[in-house]
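Working notes, structure below.
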Number of protein chains: 2
Amino acid sequence: MFTLDQARAFVAVAEELHFSRAAERLHMTQPPLSRQIQKLEATLGVHLLLRESRGVRLTAAGEAFLIECRQLLEKAESAPVRARLVEQGKIGLLRIGHTSMASFSVLGELLRRINEEAPGVKVELREMVTSRQIEGLTDGTLDIGLARPPVPEEFIDSVPLLLEGLAVAVADDHPLARRGEAVSVDELRTEPLIMYSITEAQYFRDLVVSLLHVSDEQVTYTVSQALTMVTLVAAGHGSAVIPASAGLFSFPGVTVLSLRESPADAVQLHAMWSSESNNPALRSALPVLNTLAVSS
Amino acid sequence: MFTLDQARAFVAVAEELHFSRAAERLHMTQPPLSRQIQKLEATLGVHLLLRESRGVRLTAAGEAFLIECRQLLEKAESAPVRARLVEQGKIGLLRIGHTSMASFSVLGELLRRINEEAPGVKVELREMVTSRQIEGLTDGTLDIGLARPPVPEEFIDSVPLLLEGLAVAVADDHPLARRGEAVSVDELRTEPLIMYSITEAQYFRDLVVSLLHVSDEQVTYTVSQALTMVTLVAAGHGSAVIPASAGLFSFPGVTVLSLRESPADAVQLHAMWSSESNNPALRSALPVLNTLAVSS
DNA sequence: GGCGGTTACGTAAGGCGTAAGAATT
DNA sequence: AATTCTTACGCCTTACGTAACCGCC
């Protein structure tokens, strides 16, 4: 098989159509260049050049091989550059898991900033619940998770990206909606409520239960996502306690009122990543995450 | 810069994730393989592998470089193959010049057979008059010409591809058309005639003049191509002497009658090529030309 | 005779294999 | 102790440069 040096030698000769000038360009003397070209032709079993009294010409095969060689050398030059860029995290792949709510709040801004900071980094988005995200971060199939607390201490680093209060979603024709003021937990005691699933949305369920005393009879439906709640509220199936940001998107037939007793940082969304990740693209993204962090 | 051998070594290690097995695959011992990989990493300035107690893993940069290396090696393998195919004339470019009449007769069959014989050969077609074709063959910008005699003896080889008689094109409402029989030259003595240009179609002009006694007063127009003649005949500008094959394509308003005195091989179309051409694609095409040849 | 490519020969660099070493399980 | 990668050393291949050579305008 031929070598890259032979390819470079051939390209030089083919472009100069003159061995001595080509040798000069390659910073070598002319005889070894001749030998290399001969060797190249021998290993290929193809005549690339027509030696004539007045310099050299390319055969048809030489023309074809010249094109191939140029492409080959270009690739040989660019491959190390790419490898270095990947190592520096300038290009690469970032697999981001996120909850469905995250896509309505910080996700857009996060992607914008990552793209600003490291334009070559491709992002793969996967909507997944918190527990799956932790799994992904642990087994290396995910680089960043946008998930709910608690953050497992081991091998997972995190910053809080979003702190918000809880709000109450009620139908437009509900008395509380007409009143238009913040709602107190006591006013929800007897309301039909749509609740979070204990398996799929434990974080929210715990959060709501810690504030309200929810009785089984109140609960009309059990769902896994805040958005589903809003659609059910619109359909008249009851009221729901949701993160405040879910109210930013006005949904027809639904009025969102703040919940008086909810601390402003009741609901948290954290960015998490494996502290042991060796994905350089993650390293480029970390400054972005820290910029977006809010104090918890 | 790295070498192709280093690329091969890296691919082997990256695929085996084990130096000893990779070395075996490369038919070498393990220590020099280690050194080559180290050297590769040093020249790239990039860590490609994570050496761990239980074998090796790829870094993100390593993954990227692996992909590049595979493509690089594939190209390095295919380039010589391409060069050999070009040399053998299996692939390549054939520049064929042809007269406009050739495209109505042998050209289609010729292209079909070339494509059968050498499917990798790309054909570039250029309509040009005979004299331009000879120039092209001589200065190397054309590989094959489909042109009219005479064939210059020097450096041009040829085979006759088509021998045909002359015919007479007359308007449908002409008395000769109504009669529907072969025409004699004497019957054309006083007919208005469309003639060939002496500069652009000398071959045809000479041919016609050698058979007919054309007087200047007869000539209504002077044109360079037989097809133009047919359109002028249709428009009622006179009659014309054309190659018989031009009558194969029935043109509305025109009747083509054979010319009694014309020998069956009066009009000749030859394939010509430079005997000094070094285009391998031409060599693949020559058997095809010989197959299509007719005896003159 | 000069221009342009090839052949001959001595030197130096670099790769390979064997053997020994270091680290982890 | 075994596995797996790295380091040390001697040999040999091979590429380079200088010098001499061949063919053609």
- prompt: Rounded to whole angstrom units, what separation is found between the CG atom of A/D5 and the C1' atom of D/dC16?
  reply: 12 Å
Residue met sooner reading DNA chain D from 5', once B/E52 and A/Q6 are mapped to nucleotides: B/E52
query: Heavy atoms, side chains only, cut-off 4.5 Å: are B/R148 and B/Q268 in contact?
result: no
message: I need the CD1-P distance between B/I37 and C/dC16, as an integer number of Å.
response: 11 Å
Could I get a table of every N or O pair under 3.5 Å where one atom is in the protein and the other is in nucleotides 12-14 of chain D?
none

- request: Check whether any side-chain heavy atom of A/L33 lies under 4.5 Å from a side-chain heavy atom of A/V13, and answer yes or no.
  value: yes
Least distance between heavy atoms, B/R84 atom then A/V46 atom: CG-CG2, 3.2 Å
message: If I take atom CG in residue A/L17 and atom P in nucleotide C/dG4, what distance separates them, rounded to the nearest angstrom?
response: 13 Å
statement: Separation of D/dC5 atom P from B/L50 atom CG, nearest Å, is 13 Å
message: Side chains of A/R113 and A/T291, heavy atoms from C-beta outward: is any pair under 4.5 Å?
response: yes
field: CD (A/E74) with more than 12 external heavy atoms under 6.0 Å
entry: no
query: Under 4.5 Å between any side-chain heavy atoms of B/I96 and B/L146, yes or no?
result: yes
field: Contact under 4.0 Å: B/Q38 side-chain N or O vs D/dT7 OP1/OP2
entry: yes
- prompt: Just wondering, are more than 12 heavy atoms of other shown residues or ligands nearer than 6.0 Å to NE2 in A/H18?
  reply: yes
task: Please state how far atom CD in A/E24 lies from atom P in C/dG5, giving the value in whole angstrom units.
output: 13 Å
message: Treating primed atoms plus P, OP1 and OP2 as sugar-phosphate and everything else as base, which nucleotides of nucleotides 17-25 of chain C get B, S or - for protein heavy atoms under 4.0 Å?
response: BBB----SS
message: Nearest whole Å is fine: how far is C/dG4 P from A/L33 CG?
response: 14 Å
statement: Which of A/T43, A/L40, A/L44 passes side chain to side chain contact (heavy atoms under 4.5 Å, CB included) with B/P80? Answer is A/L44
message: Does A/E24 have more than 12 heavy atoms from other residues, nucleotides or ligands lying within 6.0 Å of its CD?
response: no
query: Between D/dT4 atom C1' and B/E16 atom CD, what is the distance in whole Å?
result: 15 Å
- prompt: OP1 or OP2 of C/dG5 sitting under 4.0 Å from any side-chain N/O of A/S34?
  reply: no
message: Can you measure A/F19 atom CZ to D/dC22 atom P for me and round it to whole angstrom units?
response: 19 Å
